[in-house]
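Each ligand, and each atom within it, is numbered from 1 in the order the structure gives. What you see below is based on every heavy atom in this structure, not just the backbone, and it leaves out hydrogens, waters and symmetry mates.
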Amino acid sequence: MRILLIASAALLLASLAVAQPQHGLNLMPMPSSVQPGVGQLPVDRSFSVAITGFRDATLERGVHRFVAELSRQTGMFLKQKPADSAHPALLIHTVHGSERVQRLGEDESYELVINESGAKLTAPSPLGILHGLQTFLQLVGTTANGFAVPVVTIKDQPRFAWRGLLIDVGRHFIPLDVLKRNLDGMAAVKMNVLHWHLYDNEGFRVESKRFPKLQEAGSDGLYYTQDEIRDFVAYAHDRGIRVVPEFEMPGHSRSLFAGYPELASGPGPYTVEPGGADAVMDPTRGKTYKFIDKFIEEMAKLFPDDYFHIGGDEVNGHQWDANPKIQAFIHAHGMKNNQDLQAYFNQRLQKILSKHHKIMMGWDEVLHPDLPKTVVVQSWRGQQSLATAAQQGYSSLLSFGYYLDLMWPASRHYAVDPISGAAASLNPEEKSRIIGGEACMWSEWITPENIDSRIWPRNAAIAERLWSPPEVQDPGSMYTRLGELSWRLEWLGLTHRSSMISALHRLAGTDDIIALRTLAEVVEPVKDYARMNSLKTAWDFRGPLNRLVDTVRPESDQARHFRDSLQAYIGSGYTDRAAEGEIRTLLAAWRDNDARLHPLLEQSFLLHELAPLSEDLSTLGVAGLLALDYLDKSAPSPESWRAQQLALLERAKTPKADLLLMVVAPLQQLIEASAGQKQKP
Ligand code: ACM
């Protein structure tokens, strides 16, 4: 009885503790309710799956992929054929089908009950089953006796209905196989919208049969055929992911004018070559709307989703200002300015979309009281516009704070909640208009080789923010689970961890990359728009993108671990020997690295620029070891020495080769700490 009481108390505590999970299950995103039990269900070669209730081809393909994935994950050749035995290892029960074209707000919930004799996954529709199967895969672990899943009861549903990832294929074309593996990654973390940014000034990426000069003049030959797009949309649908296309209007559309210059507000000529970011459609001419109508008619059939994104961002109006006819139109229609003209354009656009049965979405610049409330507003310039849109009656979603191209750490994205800031004080009805958010992968600095590492694993932290209860906030727990998820994602074919290794070989032109890797592991690309701002030629993103900055990860795990070890060491009053040992090992490796790396840096033209960075790392290693020696001897470091080291640190803070050394800040802390006596913990 006592044991029962203790067990049920433990279960109660564990189920309350979803906010800071105590159960130790490496699930990401964290389900809304997890009740751990005792024991486990073996996953061995006899593992079988049976389906009861509703079934359709989407569900069957989902189960097929699940078994294939489990086979790959375990190296066992599991039976693909659904079991009809009365006692399958996993029983799947679905009540009804999903919509043929997946809809925003469909029920995605599921319940997964695992006990020692079998597991049962139930959901109203296949959408929930797909999510539950991903949870099951994350639960499979290696034990002393074989593979197993723990006994557990999980009840789960998303917090937000719109959990998206934007991928920009305009600036740099991304092949479909790369996009497909990213869809697999999205499905693994329960994201359900791919926002496909299909063209921008630098390239138009969709085959139009009606207006073939769009892809012919508007791209470098790299675009998706309509057959490929249909196949891709079906691939996404199979994984519970909606594909929302974005066709930028009226700005960001130079590539469109390469084939159809008559749509632009200025004389041109237009090409996809750099220059001319002012290019914008002429909203005053009937011809423009005729073109848009025919174009949207064609694209609306190709992209079955209810939603259609029209961009609408960053119209600087220079071409409108410079065109007397457009200015005359503004005055004749009683408009005050270019914003009013864009609102007029958006109103006409919205009517065309509505005629083709699409709901219009736009970036937050489209927000204007003249627009119907059906329009969805995507906030990117700040969180205020999200709240304002919701207050005014528009559905809105958040991307500000989720820009993966800014190279922020996962923890910073993770801390951004759609219902925070200005949105926190909205009333419940207004809050309910905030339908979710989207991570954004803008592709100015992206190649097919590095894109996975720019999206993953950080995107999983955003996926959790959008799926899990708002109380799930602990960054320590997030990083632990992200670490586990990260290598599981590579099993799906993503290359966010492995791509750096092959790229380092190319940079070095040789087999021995140990010293180069030591440097690569502690640097990160410069943040925010620093790289953009340092461009010598404005808005030329053609590359080549083959430098160290193009391959190192946006977030250095090693620098984070170093910071954690240092915190543990300082927090222990300098008595934590294990932490000190780890710190010393790293510092010594950094100290000695420059001598090993230097010959390589001279051999490869791609590496010359790294010499000052490599020297800085060695200098930091020396300084850190001396600081530790002072602390070990309980002898305060001399002030003049500290001043000298802090000056070196200042130098090391400056970006070099568009890279930042991520161990400078913790070392500064160590050097400053060496001034004082040992403290008691
Ligand atoms: C944007 O980043 N211009 C939407």
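- Ring geometry, W442 versus H197: the interplanar angle exceeds 60°, so the pair is classed perpendicular (tilted spans 30 to 60°).
- Figure legend: R553 and W456 shown without cation-pi pairing, the cationic atom not lying both under 6.0 angstrom from the six-membered ring centre and within 45 degrees of its axis.
- Applying the side chain to side chain donor-acceptor pair (under 3.5 Å) criterion to R412, with sequence neighbours excluded, gives no partner residue.
- Remark: H131 pairs with W467 by the ring pair (Phe, Tyr, Trp, His ring centres under 6.0 Å) rule, at least two apart or across chains.
- Taking the centre of each ring, F291 and F211 come in below the 6.0 Å mark.
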Which N/O atoms of ligand 1 sit under 3.5 Å from a protein N/O, and at what distances?
{"from": "ligand 1", "atom 1": "2 (O)", "to": "Y403", "atom 2": "OH", "distance (Å)": "2.5"}
{"from": "ligand 1", "atom 1": "3 (N)", "to": "D313", "atom 2": "OD2", "distance (Å)": "2.6"}
{"from": "ligand 1", "atom 1": "3 (N)", "to": "E314", "atom 2": "OE1", "distance (Å)": "3.0"}

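- For F400, there are no ring pair (Phe, Tyr, Trp, His ring centres under 6.0 Å) partners at least two apart in sequence or on another chain.
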